[in-house]
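To keep things clear, I will list the structure first and then write my remarks on it.
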Amino acid sequence: MAEGTARRIAAAFAAVCLTAGVSAVTVAVVAGPGPGLTGYVSEAGVTDSGYAGAYRTGIFSVAASLLLLAGALPPGLRAAAGLLGAGAVATVLSGAVTCSEGCPLPPFEATTVADLVHGGASIAATAAVVLAMLVLLFSPAADRGLRRIAAIGAALALPVAAVVAAALLLVGRSTLLGVSERVLLAVVAAWGLATSGYLAVRSLTADGPSVRTPDGSNVSRR
């Protein structure tokens, strides 16, 4: 199997896994008995919620999509691929370690070790993906399309991430934090879907017929 074909397949499956994962998590959050916009998305994964299975299945599907997207990136983008891989590992950890009821976080709530592990893994996963956007944006090895998608994603994600960080440290559980968390996760998911879709389509042209250059070498027609 040609390398370009393998990357195209990985990108296509990344889009499928991401769509399935986000859909499952969304169902768990919307249909679950959580506190609405004042709560965290992770509360849908609490054992007593009734939708914990759907939530964890969705989270693991999102982790798989990050790994597939890392494998779909073109050569020369190892830093971005590494960040996506790290994000996938952190996502698996956040799904495997369930927080207690309410998913409390410091500094305003008493927490357990599981709460800290789950919350830290969730934050690390999101941060890794946002950093991957920035790496792609400034990497000379990324083509114009990847950089454009990364630029839009970063421009949307960074301000919202700043709001989330400020709300965690200064406000705590609130509608502001709940809404900004959901917006940030939506932006990250949209970036992942746009990037994987772009890579799947881009690879079709990258694997096109070759043409002979003046020096006698063959290159793929783009």
Any donor and acceptor pair, going by atom type alone, linking the side chain of E181 with main-chain N or O of Y40 inside 3.5 Å?
no
Contact check, side chains of V41 and Y55, non-hydrogen atoms, under 4.5 Å
yes
Show every salt bridge (charged side-chain N to carboxylate O under 4.0 Å, His left out) that has at least one partner inside residues 103-114, sequence neighbours left out.
E109-R173
Decide yes or no for L116 and P106: does some side-chain heavy atom of the first lie under 4.5 Å from some side-chain heavy atom of the second?
yes
Quick check: do L146 and L77 have side-chain heavy atoms less than 4.5 Å from each other?
yes
Following the transitive rule for hydrophobic clusters with a side-chain heavy-atom cut-off under 4.5 Å over Ile, Leu, Val, Met, Phe, Trp and Tyr, establish whether L158 and M133 coincide in one cluster.
yes
Verify the cluster assignment for V113 and L105: are they in a single hydrophobic cluster under the rule of side-chain heavy atoms below 4.5 Å apart?
no
Locate the shortest heavy-atom distance separating A54 from A24; write the atom from each residue and the value.
O-CB, 3.6 Å
Is a donor on one side and an acceptor on the other found under 3.5 Å between the side chain of S61 and the backbone of T57?
no
Mind checking whether L68 and L18 have side chains closer than 4.5 Å, heavy atoms only?
no
Is there a side-chain contact between C99 and V46 in this structure, where contact means two heavy atoms from C-beta onward sitting under 4.5 Å apart?
yes
Kindly give the heavy-atom pair with the smallest separation between V92 and A63, and that separation in Å.
CG2-CB, 3.6 Å
Can you check whether V62's main-chain N or O pairs, donor with acceptor, with S65's side chain at less than 3.5 Å?
yes
Taken to the nearest 0.5 Å, the spacing of L84 CG from L136 CG works out to 7.0 Å
Minimal heavy-atom distance between A157 and L184, with the atoms involved, is O-CD1, 3.7 Å
With rounding to the nearest 0.5 angstrom, report the CD to OG distance, E43 to S100.
9.5 Å
Answer whether the closest heavy-atom distance between the side chains of I123 and L168 falls below 4.5 Å.
yes
Transitively linked via ILVMFWY side-chain contacts under 4.5 Å: L69 with L67?
no
Between D115 and C103, which heavy-atom pair has the shortest distance, and what is it?
OD1-CA, 4.4 Å
What is the distance from atom CG of L199 to atom CD1 of I149, rounded to the nearest 0.5 Å?
7.5 Å
Taking V160 as the starting point, is it possible to reach W191 by hopping between hydrophobic residues whose side chains are less than 4.5 Å apart?
yes
Under 4.5 Å between side-chain heavy atoms, counting indirect links through other Ile/Leu/Val/Met/Phe/Trp/Tyr residues: same cluster for V89 and V130 or not?
no
Within a strict 4.5 Å, meaning less than it, do heavy atoms of the P104 and T112 side chains meet?
no
On a heavy-atom basis, which atom in A64 and which in C17 lie closest, and how many Å separate them?
CB-SG, 4.4 Å
Give every residue pair that meets the side-chain hydrogen bond (donor to acceptor under 3.5 Å, both in side chains) criterion with at least one member in residues 116-141, sequence neighbours excluded.
S42-H118
Quick one: closest heavy-atom pair of G45 and A52, and the distance?
O-CB, 3.6 Å
Output for pair (L177 CG, L169 CG), nearest 0.5 Å, gives 10.0 Å
